[in-house]
Peer 1: 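Here it is: the structure, laid out below.
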2 protein chains.
Amino acid sequence: MYTETVKSAPERASDRAYRVLRDEILDGVLPAGTVLLEVEQSARLGVSRTPLRSAVARLVADGLVAGRSGRGFSVTEMSVESINDLYELREALEERAATLAARRDDRTAFGMLRDRFVAAPALLEAGEAGIHEYYALIDEFDAAIDAAVDNSFLVGALVTVRTHLARIRRVARGNPVRLRAAAAEHLLILDAIIDGDAALAAHATHVHLHLSLASVLAVLEATETTS
Amino acid sequence: MYTETVKSAPERASDRAYRVLRDEILDGVLPAGTVLLEVEQSARLGVSRTPLRSAVARLVADGLVAGRSGRGFSVTEMSVESINDLYELREALEERAATLAARRDDRTAFGMLRDRFVAAPALLEAGEAGIHEYYALIDEFDAAIDAAVDNSFLVGALVTVRTHLARIRRVARGNPVRLRAAAAEHLLILDAIIDGDAALAAHATHVHLHLSLASVLAVLEATETTS
DNA sequence: TTCACGGTCTCTGTATACACACGCGCATTC
DNA sequence: GAATGCGCGTGTGTATACAGAGACCGTGAA
């Protein structure tokens, strides 16, 4: 395969600023409510104000930051309601995506993924590195879904959802019990897709998302009362 | 009610450039494939390159224009596949939206809309002005749905879909037969929502979108063979 | 006649300088 | 003591100048 790593990525300064700020927001380095001042951030990231403005504009389009009326921009909050809203949209999109994947002719990619999800529980015993690898596996699952639905609009909406999801995934990161259950749920979805059972794929996805949301809300409520 | 029409809208140059370009793309003044050069467009719109860059960046985020590797930006094409893809996403979103609207407690807004959709066929006899008013009614229907679902993520996705939909709605504009049928379909959806029948609302939406897509594709195929 | 190479030109990416608007703080007045 | 008005500082919005990269065109050689 032709790997285009060298010349195809001039990596503009605005791209770098966007990527860095986005990762920092997603990783929680820049918590919700953080005010982003143009001069301050441009100095910190070593770029001029112009590319930084471009980066912030893209973050606004992503919904990760919002412009405050007069003064500066700030990282958006992730309230409990917004999490419920996000999962509402996620349900609509992923159920449809699972349905389409199950109806697709070529489902060999999912067969290969299945084997690796079977081995996932062992992965989750391997500490932080294993958890990291597990999330990489989830990413590959998502990528396989994207390739199967083959719909730029639907995939685009899914990407947006996953961006916001990355912010709240942090809270469930240190919960191996939940992750093991999630692996089993993914396995069921994969089996349904491989069998071409669109209805089961959609319903298994629904169940998975229901349990995922319940877990997130439980963790959130626990940390809420703690702090 | 406090109307904030005077001071709340400084209307930045970048906003104006974005709005003008967006409207021109949606109205077909700038057809698909049109190349947007920064200096040329900034001169035409009477703004500098900086706000124009910002406007183009927003259009890229909307998916209305795409950056061509080296040279400039161009208005994206609306192929038959992309229209099918758009309707695939639209189905997932609007079925869910209709379901949520039917489950909502306060559905009085839909009752008022119903009366006006009953009168819609008469509207469609009134020439271009009537058709314009009919589309305004559709916008109010969409707005009522948005208010009912009360979910910024879902509404955001719907807004994106409607943006692209506006581009292809032009082809069906001069088809009063289809518009009359569409009004009847909307009426059925409204009745289902008012009755709190979520399943019927979703299924009626599905039917409406199926017929809408079929109409668009038929018109497109007819114009394709003509030209 | 065709292909390849080089020059030039144009357009985007970036940096910086300037203007304006909002807001805060202080002083003055009622 | 409180409220209002004025002035200043800070931060975004805009314009423009500069640099680099890519493409197109022309010319020369095979």
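Sequence lines set the chain letters: A, B, ... in the order given, protein chains first and strands last, and positions in each chain run from 1. Only a predicted model underlies this, so the values are computations on that prediction, with no experimental measurement involved.
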Peer 1: Taking only the side-chain heavy atoms of P51(A) (C-beta and beyond), determine which of dT12(D), dT14(C), dT14(D) contains the nearest atom.
Peer 2: dT14(C)
Peer 1: Measure the distance from CD on E40(A) to P on dG11(D) and round it to the nearest whole Å.
Peer 2: 8 Å
Peer 1: Charged N to carboxylate O below 4.0 Å: is that the case for R162(A) and D146(A)?
Peer 2: yes
Peer 1: Rounded to the nearest angstrom, tell me the gap between atom CD in E38(A) and atom P in dG11(D).
Peer 2: 10 Å
Peer 1: Check whether any side-chain N or O of R104(A) sits under 3.5 Å from a backbone N or O of V149(A) as a donor-acceptor pair, and report yes or no.
Peer 2: no
Peer 1: Just how far, in rounded Å, is P of dA23(D) from CG of L37(B)?
Peer 2: 14 Å
Peer 1: Please give, in whole Å, the distance from dT12(C) P to R53(B) CZ?
Peer 2: 8 Å
Peer 1: If we count only N and O atoms by modelled type, under 3.5 Å, do the side chains of T163(B) and R22(B) hold a donor and an acceptor together?
Peer 2: yes
Peer 1: Determine whether the side chains of Y18(B) and D62(B) contain a donor N or O and an acceptor N or O closer than 3.5 Å.
Peer 2: yes
Peer 1: To the nearest angstrom, how far is R12(B) atom CZ from dA15(D) atom C1'?
Peer 2: 17 Å
Peer 1: Would you name the heavy atoms of S42(B) and V39(B) that are closest together and state the gap between them?
Peer 2: OG-O, 2.8 Å
Peer 1: Nearest 0.5 Å, please: how far is CD1 in I25(A) from CE in M78(A)?
Peer 2: 12.0 Å
Peer 1: Tell me: CG of L52(A) to P of dG13(C), nearest whole Å?
Peer 2: 16 Å
Peer 1: Is it the case that T76(B) and R167(B) place a side-chain donor and acceptor less than 3.5 Å from each other?
Peer 2: yes
Peer 1: Can a side-chain donor-acceptor contact be found between Y134(A) and D139(A) if the only test is distance below 3.5 angstrom?
Peer 2: no
Peer 1: Are F153(A) and H164(B) close enough that their ring centers fall under 6.0 Å?
Peer 2: yes
Peer 1: Are there any protein N/O atoms within less than 3.5 Å of an N/O atom in nucleotides 16-18 of chain D, and if so, which ones and at what distance?
Peer 2:
unit_1  : atom_1 : unit_2 : atom_2 : d
dT16(D) : O4     : T50(B) : OG1    : 3.1

Peer 1: Produce the list of close N/O pairs, under 3.5 Å, pairing protein atoms with atoms of nucleotides 8-10 of chain D; give distances to one decimal.
Peer 2:
unit_1  : atom_1 : unit_2 : atom_2 : d
dG9(D)  : N2     : R71(A) : NH2    : 3.4
dT10(D) : O2     : R71(A) : NH2    : 3.0

Peer 1: Rounding to an integer number of Å, can you tell me how far D15(B) CG sits from dT14(D) C1'?
Peer 2: 13 Å
Peer 1: Taking only side-chain N and O atoms of S54(B), does any of them lie within less than 4.0 angstrom of OP1 or OP2 on dG13(D)?
Peer 2: no
